[in-house]
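Structure, as structure tokens:
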Amino acid sequence: MSKKTVLSGIQPSGSPTLGNYVGALKNWALLQGEDRYCYYCVANLHALTVKQDPQDLHRRSFETAALLLACGVDPEVSTVFIQSDVKEHAELSWVLSCHTPLGELNRMTQFKDKSAKHADNINAGLYTYPVLMASDILLYQSDLVPVGADQKQHLELARNIAIRFNNTVGETFKVPEPYIPRVGARIMSLQDPTQKMSKSDPNPSGCIAIMDDPAVILKKFKRAVTDCDNSIAFDMENKPGVSNLLTIFSVFTGKTIEESVAYFEGMGYGQLKTAVAEAVIAELTPLRERFDELLKNGDYIKAVLKTGAEKARETALSTLKDVYAHVGLYLS
Ligand code: TYM
């Protein structure tokens, strides 16, 4: 059987959250194996769609790369790189944007949400962002894209772009499949469990950062919004806060949701919150320690990124040449 290719990305904007970890990063490490090529990138071009302080963006891109390694991505097995280091992403994005009807971009709910949030900076990049994401994926002929549920619509667009291009221009791209975890695809804010946990949450108590101190993690979980009937049951619609806590508990202990509900039988919300916090702290503490160690060795991270970019460029250039040949673009 031929090796499958896995690709995913994370923006280096804000502090990565428990949602990023559960929905994506944890699976990036788990998907590594002999039978797969894995490409994991820090999507810094995407981050430009909202205002960034240049020094901050530069530092966070580097730290996000270190975080991937701390989460268990092994650079000996996977290709880890920064998006801007492989210029083919931007080049393919231009070609694909000429093959993407506006109507398809108009349907993207994340564009609508983000333009409402950043009303003073609704730029063209924010609008064409899903085409850049499709380019990230299609350049590597990816089979599988591990993401959280919020990226599903972008994945569908990437599939549509690939299928249309293959049909109208010529067979060029593999059509990718999303890999969305069954439990934890959408971790919710601890303060408003009807909203996704997000780096840009205006209320910082709603969001656990992977780098938060254990004491801060415990405090945020203790303050998590639940409801007033004090019964621990999984019901996303009527008990979103408790269901979110059960989901997090399930992911961090390896118990199913049913086993988690059974585990808390006879207990109250206070015990649930403390147990969830303890499970999260137990997994994130060694991760944070690895991150701190890795950052002390900046030269190592730089070397990983250099090798990663070289490896990524090889594959990316081969796909881009094929695309250029198909659409009739001259290359000497
Ligand atoms: P980003 O940087 O917003 O998030 C990175 C990953 O984390 C997932 N995620 C969540 N999962 C569960 N619950 C949450 N609350 C939560 N919040 C975030 C996201 O679904 C994502 O998988 N456009 C992408 C980055 C990207 C990309 C790519 C992804 C760029 N190119 C190519 C896949 C393939 C983004 O903004 O993710």
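Atoms within a ligand are numbered from 1 in the order they appear, just like the ligands themselves.
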(message) Below 3.5 Å, N or O to N or O, backbone or side chain included: is there any such pair between G19 and ligand 1?
(response) yes
(request) Take the angle between the ring planes of Y39 and F81 and call it parallel below 30°, perpendicular above 60°, tilted in between. (result) perpendicular
(message) Using a 4.0 Å heavy-atom cut-off, which part of Q83 comes near ligand 1: side chain, backbone, both, or neither?
(response) neither
(message) Counting only heavy atoms closer than 4.0 Å, does ligand 1 sit against the backbone of Q11, its side chain, both, or neither?
(response) both
(message) For N203 and D201, which I'm curious about, is there any donor-acceptor pair between the side chains at under 3.5 Å?
(response) no
(request) Just let me know how A185 lines up against ligand 1, side chain, backbone, both or neither, with a heavy-atom cut-off below 4.0 Å. (result) backbone
(request) Answer yes or no: is there a donor N or O on one side and an acceptor on the other, between the side chain of S135 and the main chain of V131, under 3.5 Å? (result) yes
(message) Between T315 and Y37, do the side chains contain a donor N or O and an acceptor N or O under 3.5 Å apart?
(response) no
(request) May I ask you to identify, for H46, whether its side chain, its backbone, both or neither come under 4.0 Å of ligand 1 on a heavy-atom basis? (result) side chain
(message) Quick check on contacts: which atoms of ligand 1 are under 4.0 angstrom from a heavy atom of L7?
(response) 32 (C), 34 (C)
(message) Please state which option from D136, T247, I137, T64 has its nearest heavy atom closest to atom 31 (N) of ligand 1.
(response) D136
(request) Give the ring-plane orientation class for Y127 versus F111, where under 30° counts as parallel, over 60° as perpendicular and anything between as tilted. (result) perpendicular
